[in-house]
Peer 1: 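One structure coming up, written as structure tokens, with questions to follow.
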Amino acid sequence: MKIIAVGMNYPLHCKELHATEPLPEEPVIFMKPDSALLKDSKPFFIPDFCRQVDYETELVVRICRLGKNIAERFACRYYDAVTVGIDFTARDLQHRFRAEGKPWELCKGFDNSAAIGDWVPVEQFPTIQNIRFHLDIDGQTVQQGNTCDMIFTVDRIIAYVSRFCTLKIGDLLYTGTPIGVGPVAIGNHLEGYLEDRKVLDFNIR
């Protein structure tokens with residue numbers, strides 16, 4: 001199982017973190033190792049190698065078929081469920097790595113940096129490109145988005161990624177975060193929602 005993630009996939013988030021950069025013309029892809037997965041409502045422990053860990057709330061798609069060089073028009077056949085996930089980012093490390101021109105996988109792929117919620121069958125939604133999702137911290141909504149605002153649709157991302165690497169059953173696709181990312185602190189209680197359904201619930205320690 002591999003975790004495929006998309007960066008800079010919502011215009012307002014791009015301006016939020018990279019105001020001087022143009023919007024991407026192709027999906028920005030990075031990977032997380034399977035050891036990054038955090039599931040079953042287990043707590044997230046803030047690591048000791050950074051000063052700031054940010055939440056990035058995302059729609060996550062579960063791949064259900066083996067596929068290579070998938071045509072965009074057939075991409076919808078290759079996923080069967082969605083949920084809310086958190087792409088935890090060691091932000092201070094990311095700023096330093098980017099400034100030094102170095103790869104920044106370590107700030108994204110550390111252990112437990114990919115929190116995942118309960119799966120909802122995709123057929124329960126009229127379209128994957130109009131799903132509302134949001135994150136509450138300590139009972140207050142801190143980030144919300146709608147997949148209709150994506151720069152690159154889920155199907156386009158799948159077609160693009162499958163040109164480079166084979167998608168396998170059980171692979172996860174984190175589809176990018178909207179505006180509103182921010183830091184977490186010890187003691188926070190995080191709850192993620194698809195529409196009005198809570199699918200993610202865990203604590204920061």
Peer 1: As an exercise, state the distance from OG1 of T89 to NE2 of H95, rounded to the nearest 0.5 Å.
Peer 2: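 That separation rounds to 10.0 Å.
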Peer 1: How would you list, by chain and number, every residue that makes a side chain to side chain contact (heavy atoms under 4.5 Å, CB included) with R77, sequence neighbours excluded?
Peer 2: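 If we apply the side chain to side chain contact (heavy atoms under 4.5 Å, CB included) test to R77, skipping adjacent residues, the hits are R65, F74.
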Peer 1: Enumerate the salt bridge (charged side-chain N to carboxylate O under 4.0 Å, His left out) contacts for residues 135-145, please, sequence neighbours excluded, ordered by first and then second residue.
Peer 2: none
Peer 1: Using a 4.5 Å cut-off on heavy atoms from C-beta on, say whether the side chain of R205 contacts that of P43.
Peer 2: yes
Peer 1: Hydrophobic cluster mates of I116, side-chain heavy atoms under 4.5 angstrom, ILVMFWY only, any path?
Peer 2: M1, I3, L37, V60, W119, L172, Y174
Peer 1: Taking only residues at least two apart or on different chains, which pairs with a member in residues 20-38 satisfy salt bridge (charged side-chain N to carboxylate O under 4.0 Å, His left out)?
Peer 2: E21-R98, K32-D87
Peer 1: I need the minimum non-hydrogen distance between M31 and C165, along with the two atoms involved.
Peer 2: CE-SG, 3.9 Å
Peer 1: Is the shortest side-chain heavy-atom distance between R91 and V53 below 4.5 Å?
Peer 2: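 A side-chain contact is absent here, since even the closest heavy-atom pair is not under 4.5 Å.
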Peer 1: With sequence neighbours excluded, tell me which residues meet salt bridge (charged side-chain N to carboxylate O under 4.0 Å, His left out) with D155.
Peer 2: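 By the salt bridge (charged side-chain N to carboxylate O under 4.0 Å, His left out) rule, D155 matches no residue at all.
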Peer 1: Measuring only between side-chain heavy atoms, which start at C-beta, is L59 closer than 4.5 Å to V84?
Peer 2: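 Answer no - side chains too far apart.
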Peer 1: Keeping to residues at least two apart or across chains, list the side-chain hydrogen bond (donor to acceptor under 3.5 Å, both in side chains) pairs with something in residues 36-48.
Peer 2: none
Peer 1: Set out, in order, the CA-CA distance, both residues' side-chain angles and the distance that settles side-chain contact (heavy atoms from CB on, under 4.5 Å) for V161 and I29, then state yes or no.
Peer 2: CA-CA 8 Å; V161 171; I29 304 298; 3.7 Å; yes
Peer 1: Check whether V142 and I186 end up in the same hydrophobic cluster, where Ile, Leu, Val, Met, Phe, Trp and Tyr are linked by side-chain heavy atoms less than 4.5 Å apart.
Peer 2: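 Hydrophobic grouping puts V142 with I186.
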Peer 1: Looking at side-chain heavy atoms only, is the closest gap between L93 and W104 below 4.5 Å?
Peer 2: no
Peer 1: Looking at CD of E58 and CG of L173, how far apart are the two atoms once the value is rounded to the nearest 0.5 Å?
Peer 2: 9.0 Å
Peer 1: For residues I63 and I158, determine if any side-chain heavy atom of one lies less than 4.5 Å from a side-chain heavy atom of the other.
Peer 2: yes
Peer 1: Run the side-chain contact (heavy atoms from CB on, under 4.5 Å) check on F202 and L200 step by step: do they pass?
Peer 2: CA-CA 7 Å; F202 67 104; L200 184 66; 3.8 Å; yes
Peer 1: Is the distance between the ring centroids of F88 and F44 under 6.0 Å?
Peer 2: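 Yes.
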Peer 1: Sorted by first residue and then second, give each salt bridge (charged side-chain N to carboxylate O under 4.0 Å, His left out) pair with at least one member in residues 162-191; sequence neighbours left out.
Peer 2: K2-D171, E191-K198
Peer 1: Taking salt bridge (charged side-chain N to carboxylate O under 4.0 Å, His left out) as the definition, give me every residue that meets it alongside R132, ordered by chain and number, with sequence neighbours left out.
Peer 2: E195
Peer 1: Are F30 and I4 packed together at the side-chain level, in the sense that at least one heavy-atom pair is separated by less than 4.5 angstrom?
Peer 2: no
Peer 1: Supply the members, apart from I169, of the Ile/Leu/Val/Met/Phe/Trp/Tyr cluster built from side-chain contacts under 4.5 Å; use none for a lone residue.
Peer 2: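 I169 clusters with nothing; isolated.
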Peer 1: Where is the tightest heavy-atom contact between S162 and K68, given as atom of each residue plus distance?
Peer 2: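 Of all heavy-atom pairs spanning S162 and K68, the closest is O-CD, 3.3 Å.
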Peer 1: Under the rule for salt bridge (charged side-chain N to carboxylate O under 4.0 Å, His left out), what residues qualify as partners of D80, not counting sequence neighbours?
Peer 2: R62
Peer 1: For N188 and L190, work out which heavy atoms get closest and say how close.
Peer 2: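 Shortest heavy-atom contact: CB-CD1, 3.8 Å.
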Peer 1: Any side-chain heavy-atom pair from L135 and Y55 closer than 4.5 angstrom?
Peer 2: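 They are in side-chain contact.
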Peer 1: With side chains defined as the heavy atoms from C-beta onward, is the minimum distance between H13 and V181 less than 4.5 Å?
Peer 2: yes
Peer 1: Going by side-chain heavy atoms closer than 4.5 Å, which hydrophobic residues are tied to L12, directly or by a chain of links?
Peer 2: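 For the cluster that includes L12, the remaining residues are I179.
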Peer 1: Give the minimum heavy-atom separation between T175 and M150, together with the two atoms involved.
Peer 2: OG1-CE, 3.1 Å
Peer 1: D54 and Q52: side-chain donor and acceptor closer than 3.5 Å?
Peer 2: yes
Peer 1: Which heavy atom in Y10 sits nearest to a heavy atom in G176, and how many Å separate them?
Peer 2: CE1-O, 3.4 Å
Peer 1: Which residues satisfy the side chain to side chain contact (heavy atoms under 4.5 Å, CB included) test with V122, sequence neighbours excluded?
Peer 2: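 Partners of V122 by the side chain to side chain contact (heavy atoms under 4.5 Å, CB included) criterion, ordered by chain and then number, come out as Y79, V82, I128.
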Peer 1: State, to 0.1 Å, how close P24 and F152 come at their nearest heavy-atom pair, and which atoms those are.
Peer 2: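 Residues P24 and F152, closest heavy atoms: O-CZ, 3.4 Å.
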